Amino acid sequence: QIIMCDTCPRFLFDLFNSSSIMGMEAPAIHIATNYILNGKIKGLSQEALMMINLFVEFNKSSLIGMDAPELEMSDTSGKKVSLRGIKSNYTIVYFYDDQCKVCKADMPYFKKALLNNLDLDLSVFAVYTQPSEKKAKAYIKENFSDLNNSGINFYFVSDSLLESDFQRKYAVLATPQVFLLDENKKIVGRNLKGESLSQLLSSLKNKSDKSVVELVDFFDNYFEEYNLSDSTERKAAFGLLFEKSKSSPKRYRDIFGELYLY
């Protein structure tokens, strides 16, 4: 059992809340929920409690490891696009504003992160946070037209009526706000800038390359037990791989995609 002094929870909340390390929102929310907002710790002002509660409310749905909250928004042609319906290995959720100076300053680094990782099968779900469709289109043309033939799937969307609740779901209190989702739409990165996005994508690519090497080694050993020139044994070998991987779409795709090349 952990025994805390009256000032410890607030100190720890501030420590994790102000941390530059990605993912520290989770322990901050745990401390706020279990020690501060439930009244166990006394003495905080109403203003302090309100700010802590606001932090929890705007961050609790988009922590690393969570399923990304669904967003369904209209693109520039008026077509509805579902975030969770996007099919790609990684999806970047990018919240931006045409008047955001930080967005403009970080744009070269953001684009560099995309261009340096084209082999990862990237999609970008770019959410314009303001109501002007005209300004959104001008911003897209100015900043993203040079990526039209890059192979990256861009979905430029907006929600002028704020019906999707994207601000609360993704802690969009300022822009840019950038999240990275894996193919199952789990959050693997948040509060990213261009350089940190680049580092995270490179790390994931290295991990993927290592997995390919491990798979090839596995195939070398696995198929030694089978005579692949015999159709019955070949069917048995592939059938067992299918049974072992069919419960996980990602595992199935990794194994049989690499098996085809092998």
Side-chain angles (χ1 to χ4, degrees), residues 22 61-97 103 106-107 110-130 133 136-137 139-141 143-172 175-194 196-198 200-205 207-208 211 247-254 256-257:
M22 186 174 67
S61 300
S62 58
L63 300 176
I64 291 176
M66 286 184 168
D67 291 332
E70 170 69 310
L71 292 176
E72 189 173 287
M73 299 180 174
S74 298
D75 65 14
T76 52
S77 66
K79 179 183 176 182
K80 287 286 187 180
V81 179
S82 163
L83 170 61
R84 295 190 60 83
I86 294 173
K87 305 297 182 185
S88 61
N89 284 343
Y90 295 99
T91 302
I92 297 162
V93 187
Y94 177 68
F95 296 93
Y96 69 98
D97 172 2
C103 298
D106 192 59
M107 181 58 68
F110 179 72
K111 290 164 72 172
K112 184 178 179 181
L114 301 181
L115 292 171
N116 285 347
N117 294 280
L118 294 177
D119 53 340
L120 283 179
D121 182 25
L122 300 174
S123 291
V124 178
F125 189 82
V127 181
Y128 180 62
T129 61
Q130 301 302 311
E133 184 177 333
K137 289 182 177 179
Y139 187 89
I140 293 166
K141 182 178 180 180
N143 292 281
F144 291 102
S145 58
D146 57 334
L147 299 180
N148 286 342
N149 299 313
S150 65
I152 300 170
N153 298 310
F154 283 95
Y155 302 87
F156 294 106
V157 298
S158 62
D159 177 18
S160 59
L161 299 179
L162 306 181
E163 295 175 327
S164 64
D165 197 21
F166 69 85
Q167 302 99 321
R168 185 183 61 84
K169 288 179 178 178
Y170 284 91
V172 186
T175 53
Q177 178 68 290
V178 181
F179 289 80
L180 180 63
L181 318 180
D182 68 12
E183 68 167 345
N184 297 313
K185 298 299 178 286
K186 285 193 178 296
I187 299 170
V188 295
R190 56 169 283 158
N191 294 338
L192 299 165
K193 293 294 189 293
S196 54
L197 174 62
S198 184
L200 181 55
L201 288 172
S202 295
S203 173
L204 292 168
K205 183 161 61 176
K207 183 178 178 182
S208 176
S211 297
S247 61
S248 169
K250 182 181 187 309
R251 191 183 306 124
Y252 174 84
R253 191 157 48 248
D254 288 347
F256 282 90

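Counting from 1, the numbers follow the sequence of the chain as shown. Bear in mind that the values here come from a model prediction, so they are computed numbers and not experimental data.
- The backbone N or O of S61 lies less than 3.5 Å from no partner atom in the side chain of K169, so there is not a single donor-acceptor pair.
- The backbone N or O of N143 sits less than 3.5 Å from a side-chain atom of K111, completing a donor-acceptor pair.
- Considering all non-hydrogen atoms of both residues, D165 and D159 come closest at N-OD2, 4.3 Å.
- The two atoms that bring R84 and A68 nearest to each other are NH1-O, 3.0 Å, heavy atoms only.
- Summarising the geometry, atom CZ belonging to F125 is positioned 7.5 Å from atom OG belonging to S82; distances are rounded to the nearest 0.5 Å.
- M73 approaches S158 most closely through the heavy-atom pair CB-O, 3.5 Å.
- With rounding to the nearest 0.5 angstrom, the CG atom of L83 is 5.5 Å from the CG atom of L71.
- Minimum interatomic distance between R190 and S62 (heavy atoms only, all atoms of both residues): NH1-O, 2.7 Å.
- A search for salt bridge (Lys or Arg N to Asp or Glu O under 4.0 Å) contacts involving D67 returns K186, not counting sequence neighbours.
- Between the side chain of S198 and the backbone N or O of G194 there is no donor-acceptor pair closer than 3.5 Å.
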Stepwise ring pair (Phe, Tyr, Trp, His ring centres under 6.0 Å) test for F144 and F154: CA-CA 9 Å; F144 291 102; F154 283 95; 5.5 Å; yes
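- Of all non-hydrogen atoms in G189 and L200, the two that sit nearest each other are CA-CD2, 3.8 Å.
- Of the inter-residue distances, the one linking T91 atom OG1 with I86 atom CD1 reads 5.0 Å to the nearest 0.5 angstrom.
- Using cut-offs of 30° and 60° on the angle between ring planes, the pair F95 and Y170 is tilted.
- In plain terms, the two heavy atoms of S150 and L147 that are nearest each other are OG-O, 2.8 Å.
- When atom types are taken as modelled, the side chain of T175 and the backbone of Q177 share no donor-acceptor pair closer than 3.5 angstrom.
- For the ring-ring contact (aromatic ring centres under 6.0 Å, His included) with Y139, the qualifying choice from Y96, Y128, Y94 is Y96, the only one to do so.
- Results of the side-chain contact (heavy atoms from CB on, under 4.5 Å) test with L204 over L180, N117, N89, D182 single out L180 as the only residue that passes.
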